[in-house]
Amino acid sequence: MISINNLHANVEDKQILKGLNLTINPGEVHAIMGPNGAGKSTLGNVLAGREGYEVTDGSVVFHGQDLLDLEAEERARAGLFLAFQYPVEIPGVSNLEFLKASVDAVRSQQGKEPLDSVQFLKLAREKIKAVNLDQSFLKRGVNEGFSGGEKKRNELMQMMLLEPSLCILDETDSGLDIDALQVVAEGVNAMRDPNRSFIIVTHYQRLLDYIVPDFVHVLANGKIVKSGGKELALELEEKGYGWLENGTGDA
Amino acid sequence: MPELFQHQQSELAASTVKLPWLTAFNQRGADAFRTAALPTRKTEAWKYTPLTALTRLAPQQCGQPVTYTNPLVAFARIDGLHDHRLVFVNGILDKQHSSASALAAVTLFSEANAEQQALIAQHLGHVAQQSESPNLFTDLNDAALSDGVLLHIRDHQPLLQISWLTTSEAKPFTVFARLLVVLERHAQAAIVEHYGSDLSEQNSVTNAVTEIVINDNAQLQHYRLQTMHSSAQHIGSCHVDLQRDARYHGFHAGFGSTLCRNDLVVHHNQGGSHCQLDGIYVPQHDELIDFHTCIEHRAAHCTSNEVFRGIMNDQAKAVFNGRIHIHPHAQKTLAELSNKNLLLTPGAEIFTKPELEIYADDVKCAHGATVAQLDNKAMFYLQSRGISKADAEVMLSFGFINELIEQLPDEAVRNLLRPMLATRFDRDSSLTHDIG
Ligand SMILES: Nc1ncnc2c1ncn2[C@@H]1O[C@H](COP(=O)(O)OP(=O)(O)OP(=O)(O)O)[C@@H](O)[C@H]1O
Ligand SMILES: [Mg+2]
């Protein structure tokens, strides 16, 4: 699915990713944990193609092509999706219109016809129900005035609509109430598929009770410093990150 | 140009209508117009809006019986407003396409009874003349006035649309549109003042003057929409007189044309009045649109908030001049002005200027005029969802304007403007209606 080799990246001339390696096969769920400021969101942004994130070394191969060569929109159309830690508000652009433009763009890449408005509205209504948001959120401005949890659910809805092959969820569980956490977990589990992979960035072991990962990685100081199975998350919950950052662990 | 004006000035003498006050009214306008200095490129208020394009100013209204096609009527129709619509075509009231309820709600000056004549005499021209700077085109309208529309609201007027439409005629012509709105104490009203045309090349100029009096505690929602063909010219002004605790919400939308000039003046004459003055302009091709706004704070404890946004495409040019004048006695005034602009091409132009004159010390006044960039974070968000850079730019530009549309209290107006703007920004208009 994706293989990240020796990835080095700068933000504003500051080196954040310092030789990160990670390979994900189709169907796998990888959890990434790690201290604040370690570079988890930076990894997501670099993979999604955000301007200002400069790759200085290393490579990323996604579905056999050089990911770093693609524009942000081409990456999305190729099946990569990033659920943002802090989704932006876009007043004046209706959520519905945005979602349709997005789905149409991804469909056209797959050689499919755009959906007509009626078909699309039906689909959007179904998905918004699945993430437990009121229908009225479709006509509001994109994330405009949404609460933290509502923004996260809106991200999840986009993921459901776009059906990407690689889903990166950056702290989608942060700020969610217990019911919403279930909604996210159910949404992700329902989408688990032999041809779809997930990178789940989280600070909490709790989410991983619901979405059982195949691998857990610790990202600290710009690289993966330890990898293990789902029990690693429990161990981290108990011991924190201190023992790893001292160089004990190595991926 | 000067020749045209001279011609105009000499032709003004004769007006034919028999209203008792009108002869003197026309005369005063004609005198003022004759002696007015013609704007040149050195005239500050007209610096960026040359009148060279103004070749159609003709002494007479079109006066032709009108035959026109369905698209024009469709253009005049706002869904949800069918019940209250008044339609003028080339300056002449079209009773057939106006609704009975709208005809009943308004009075033509020429059909006014004695009490209404007195009301007209009391206010007509006087609201406009509160302005400190003379307005040549208001004088011209006074001089040429033969009839107008009085809307006198004693208690409540649901959304009423008044459309002045033009068609393409054999000879260039001028439409003189005149509207006087008087809200009595505690009255409430919503009106759409609409300037449109059929879809063909136009050869008219509309000279419109609107005067609005909002008495104590009364409240007006006013939309002034210019959706005419880009070849239709417009020079108009709107004057608002606010009495104690009166509230005015104005929304002014201009799509631009070869010449489109609007002077909007709000007078806070008594304490506690509030004005929200919003507007959008979206000229394209080689269109020109000019908004000169002025908020006169003459009384204490008044608030005004003004938000104008514009997007200029192609070689289009926009002028925005926002003046706030706080007089010595207008203590505790809160006045805000924001003007944001997007230029979509290197050839597009915006001349924006806030003008503050503050003579009271205990006031809060904030202003900002910017030429904005599209937000990088929002751009990335859209692109990360597969939307191309070009599409994302269009979407955000539309959103920049649409944000103001979304705040409008009347769904019918939102539903009129959104698809029009969507079309202008090349959006899928089927998704822009309110969904249930
Ligand atoms: N635009 C930026 N300008 C300057 N520094 C940045 C920028 N973006 C990220 N950084 C820095 O890069 C480092 C890594 O940030 P990142 O957001 O990737 O951390 P994170 O692992 O996601 O942390 P958290 O768990 O708090 O979300 C931080 O020190 C951050 O301050
Ligand atoms: Mg982060």
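Letters go in sequence order (proteins before strands), and every chain restarts at 1. None of these values were measured; they are calculated from a predicted model.
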Heavy atoms, side chains only, cut-off 4.5 Å: are A/Val93 and B/Asn402 in contact?
no
For the residue pair A/Arg50 and B/Lys377, what are the closest heavy atoms and their distance?
NH2-CG, 3.4 Å
Take atom NZ of B/Lys340 as the centre, draw a 6.0 Å sphere, and report whether it contains more than 12 heavy atoms from other residues, nucleotides or ligands.
no
Take A/Val88 and B/Asp375 through the side-chain contact (heavy atoms from CB on, under 4.5 Å) test and state the conclusion after the steps.
CA-CA 10 Å; A/Val88 299; B/Asp375 177 20; 5.5 Å; no
If you compare all heavy atoms of B/Ser384 against all heavy atoms of A/Phe84, which two are closest, and at what distance to 0.1 Å?
OG-CE1, 3.4 Å
Bottom line for A/Pro87: the part with an atom under 4.5 Å from chain B's heavy atoms is both
Of the backbone (N, CA, C, O) and the side chain (C-beta and beyond), which part of A/Asp116 lies under 4.5 Å from a heavy atom of chain B, both, or neither?
neither
Tested for side chain to side chain contact (heavy atoms under 4.5 Å, CB included) against B/Ser388, the lone hit among A/Arg77, A/Glu74, A/Glu71 is A/Arg77
Going from CD on B/Gln383 to CZ on A/Arg75, what distance comes out if it is rounded to the nearest 0.5 angstrom?
11.0 Å
Max heavy-atom pairs within cutoff under 4.5 Å with chain B, candidates A/Ser108, A/Ala105, A/Pro91, goes to A/Pro91
A/Glu113, CD: over 12 other non-hydrogen atoms inside 6.0 angstrom:
no
Picking from A/Val103, A/Val142, A/Asn45, A/Leu82, which has the most non-hydrogen pairs under 4.5 angstrom with chain B?
A/Leu82
So, B/Arg385 and A/Glu155, do they make that salt bridge, N to O below 4.0 Å?
yes
Set out, in order, the CA-CA distance, both residues' side-chain angles and the distance that settles ring-ring contact (aromatic ring centres under 6.0 Å, His included) for A/Tyr53 and B/Phe380, then state yes or no.
CA-CA 12 Å; A/Tyr53 288 71; B/Phe380 176 60; 8.0 Å; no
How many angstroms lie between atom CE of B/Met379 and atom CD of A/Glu51, to the nearest 0.5 angstrom?
8.0 Å
What is the minimum heavy-atom distance between B/Met395 and A/Glu97, and which atoms define it?
CE-O, 3.7 Å
Atom group of A/Ala83 that falls short of 4.5 Å from chain B, counting heavy atoms:
backbone
